[in-house]
Amino acid sequence: MSGLTVTLPDGKTLELESGATVLEVAERIGPGLARAALAGRIGGKLVDLRQPLSGDVELEIVTARDPAGGEVIRHSAEHVMADAVKRLFPSAQVDAGRSDHAEKFQYDFLVDEPFTPEDLERIEKEMDSILAEDARFERQVLSRQEAADLFRSMGEELKLSRLADIPEDDVITVFRHGDFVDLCRGPHVQHAGQIGAVKLLESSGTYFRGDESGPKLQRIYGTAFASRKELKAHLHRIEEARKRDHRRVGVELGLFHMDALAPGSPFYLPKGMVLYNSLVRFIQDLYPRYGYREIQTPQLFRSDVFKTSGHYEKFHDDMYWFEGSDEGEELGVKAMNCPGHCHLFSTTKHSYRELPIRWAEFSRLHRNERSGTLNGITRVRSFAQDDAHIFCEPEQIPEEIESFFRMTSEVYTTLGLEGLEMAVSTRPEKFLGEPSDWDQAEKTLIASVEGAGFSCRIKPGDGAFYGPKVEADFRDVLGRAWTLATIQVDVGMPGRFGLRYVGRDGELHQPAMLHRAVLGSLERFIGIYIEHTGGDFPFWLSPIQVLALPIADRHAPRAREIRAALVSVGVRAEVDDRSETLGFRIRDAEKQKIPLTLVIGDEEVERGTVSPRLRKSKQAMDAMSAEALVSALREANAERRPKPLA
RNA sequence: GCCGACGUAGCUCAGCUGGUAGAGCAGCUCACUCGUAAUGAGCAGGUCGUCCGUUCAAAUCGGAUCGUCGGCUCCA
């Protein structure tokens with residue numbers, strides 16, 4: 001038998017017989033590592049410990065210290081959960097698990113009755129005893145026929161169907177621990193005891209392969225860690241996320257109100273409006289520099305415009321329609337700006353000299369979102385976007401995309417959001433236009449993203465129905481990914497609206513069209529931003545920026561003077577002269593997330609100073625003159641600074 | 001829309017197996033006039049989401065409905 005060379009991360013090499021497993025490599029390195037090993041990593045991909053190696057490889061042993069160790073633990077916990085469910089509900093059929101969420105795993109079951117919270121407790125207990133049994137996980141390679149026979153004999157119909165999904169030439173493996181066996185490619189821990197602690201989180205209904213016409217399944221979510229301590233820390237983080245929930249924070253900070261009288265439609269309170277308007281103004285201030293001009297189109301349109309755009313057919317059930325005052329007149333409430341913009345473009349003649357035309361609009365849009373999709377302020381029926389459409393010559397597309405990325409970077413830097421990741425979404429099943437145009441547009445997008453220095457992920461079939469799109473995904477402080485900015489090439493609408501411009505050659509040409517938004521839906525952005533910041537907004541966005549705190553009643557007139565001076569330069573300042581202790585009012589200001597408080601007592605009145613205190617700081621700053629404060633804060637606002645004072 | 005859970009004061013929640021509601025915070029009043037995250041006392045506040053039903057009696061049990069949450073699906 002020929003040998004193989006394994007190169008370890010520290011550069012050392014080991015010579016082994018061909019067919020040696022990852023675990024055997026770990027054993028050669030040391031017994032401690034062998035005990036702690038959870039999986040191997042070759043070229044960034046996790047491999048099972050029992051997997052035989054072939055050829056020379058660079059191998060890394062993954063333990064619980066490696067973040068990927070958690071994935072292996074949670075993936076193994078799926079099997080333990082399925083085992084526990086089968087023990088308690090022998091008639092249950094297992095479907096499959098998935099653990100590509102952050103720190104969460106799931107498994108779907110076909111059962112007669114949905115799981116109750118009590119069931120989850122029992123299942124979790126059963127899992128604990130399986131962990132205590134500490135059975136070894138074993139890997140077995142089967143032929144397709146053997147696997148089919150196995151699952152047929154077990155009565156696992158869903159598994160047979162999953163088996164059929166596996167591509168022809170893939171190796172079929174099953175994993176066993178104790179009496180439980182599951183179709184799986186791994187990797188798995190060595191023995192159940194390496195899963196230190198499990199916790200089931202919730203259960204919900206789902207469909208086999210997500211198909212509503214297919215069998216209904218019950219999904220259970222759980223999480224697992226190498227130790228109780230890590231599990232506890234994770235549950236603590238979930239609790240922290242709950243505290244940041246925009247629905248809670250939005251109410252606590254008096255930003256908005258949601259009401260059963262208008263499901264999915266926020267009521268903005270004055271403070272929420274400050275945030276909303278500040279964001280809009282921010283974008284509006286950037287528009288002149290990036291060559292956008294703002295327009296406003298009607299809220300109600302005769303349905304013809306949506307028939308022309310294709311939205312009537314595709315989104316009819318998701319829009320609001322009613323009869324107009326004229327016989328047979330059907331009106332639709334605007335759910336998107338593009339048809340109106342296309343129509344407006346078509347009403348006058350355009351020369352290539354005018355292009356690109358960049359039209360922006362902040363109108364409210366209404367979509368009849370399905371009730372189950374509504375979520376706080378992030379998924380609503382009434383919203384506004386920082387929307388714009390660009391009409392340009394096809395050759396100008398790359399330039400426009402680049403400019404869009406520059407604007408996006410500027411916006412997100414100012415907002416303190418970093419680490420955007422780009423992805424291109426390609427042609428979906430239902431689409432307008434010609435496939436060749438799509439291919440061309442997709443290529444242009446990918447090249448532009450890469451040209452702008454970003455790496456580019458592909459989301460196959462995720463494009464809009466009228467064209468492929470680039471999305472900027474943002475990962476918030478809690479590790480959740482959100483799609484924010486997006487730019488889309490439209491290969492359908494210019495043709496449907498018969499858009500034309502006079503080219504250099506005097507002939508008529510069809511313009512290219514781009515849809516784009518930087519913040520996307522303002523309501524959704526605000527929701528995400530609240531959760532990311534926990535309500536600690538940058539100075540320039542804070543609804544109340546400064547709170548003056550007179551120590552005693554005799555200091556209140558001076559506090560009001562200072563407030564007036566600040567307000568006169570556009571700083572949002574208030575006075576809290578309630579007859580409460582200073583400590584109480586400072587605590588209240590902290591809870592209200594006010595960035596700057598000013599303490600004003602005898603000393604400050606006498607010297608014409610203020611004693612500023614920054615949000616979340618343990619101690620006061622040195623006193624400064626009231627005049628210096630006013631000009632510093634005016635500047636902080638003009639420059640949209642994150643902090644009021646440097 | 002589908003599956004599941006939930007809905008009690010402005011907020012967070014308690015209220016066991018049916019006997020017509022309770023706390024903390026917030027609010028209001030009074031006293032205190034205070035130096036960097038909770039001064040004290042008092043007052044007020046709810047037809048228990050809504051509708052039907054079971055019962056001598058329903059926040060509590062059953063049904064429907066609306067809404068919310070967690071998922072699925074969808075996202076122009």
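Lettering follows sequence order; numbering is per chain, from 1. On a predicted model such as this, the values are computed, not experimentally measured, just so you know.
Nucleic acid contact for A:Ala552: base, since at least one base atom lies under 4.0 Å from a heavy atom of the residue. Counting any heavy atom pair closer than 4.0 Å across all strands shown, A:Arg247 reaches sugar-phosphate atoms only and no base atom. In this structure, A:Ser611 reaches the bases: a heavy-atom distance under 4.0 Å links it to at least one base atom across the strands shown.
Looking at A:Arg247 and A:Asn375, their side chains come closer than 4.5 Å, going by heavy atoms from C-beta outward.
The residue among A:Leu582 and A:Gln488 whose nearest nucleotide of RNA chain B is located toward the 5' end is A:Leu582.
For A:Met624, the side chain to side chain contact (heavy atoms under 4.5 Å, CB included) partners are A:Val610, A:Pro612, A:Ala628, A:Leu629, A:Leu645, not counting sequence neighbours.
Counting only heavy atoms from C-beta on, A:Phe315 has its side chain closest to B:C75 among B:U33, B:G35, B:C75. Comparing B:C74, B:G70, B:G35 by their closest approach to the side chain of A:Asn375 singles out B:G70. When distances are taken from the side chain of A:Arg219 to each of B:C74, B:U33, B:G71, the shortest belongs to B:G71.
Screening A:Glu361, A:His515, A:Arg358 for a side chain to side chain donor-acceptor pair (under 3.5 Å) involving A:His389 leaves a single residue, A:His515.
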Q: Treat primed atoms plus P, OP1 and OP2 as sugar-phosphate and everything else as base, then score nucleotides 24-31 of chain B 5' to 3': B for base contact with protein heavy atoms under 4.0 Å, S for sugar-phosphate contact only, - for none.
A: --SS----
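The partner of B:A41, taking Watson-Crick or G-U wobble pairs whose two distances both stay under 3.5 Å, is B:U29. Pairing for B:G62 is with B:C52, a Watson-Crick or G-U wobble pair whose two hydrogen-bonding atom distances lie under 3.5 Å.
With hydrogens and angles left out, the side chain of A:Arg370 and the base of B:U73 share a donor-acceptor pair within 3.5 Å.
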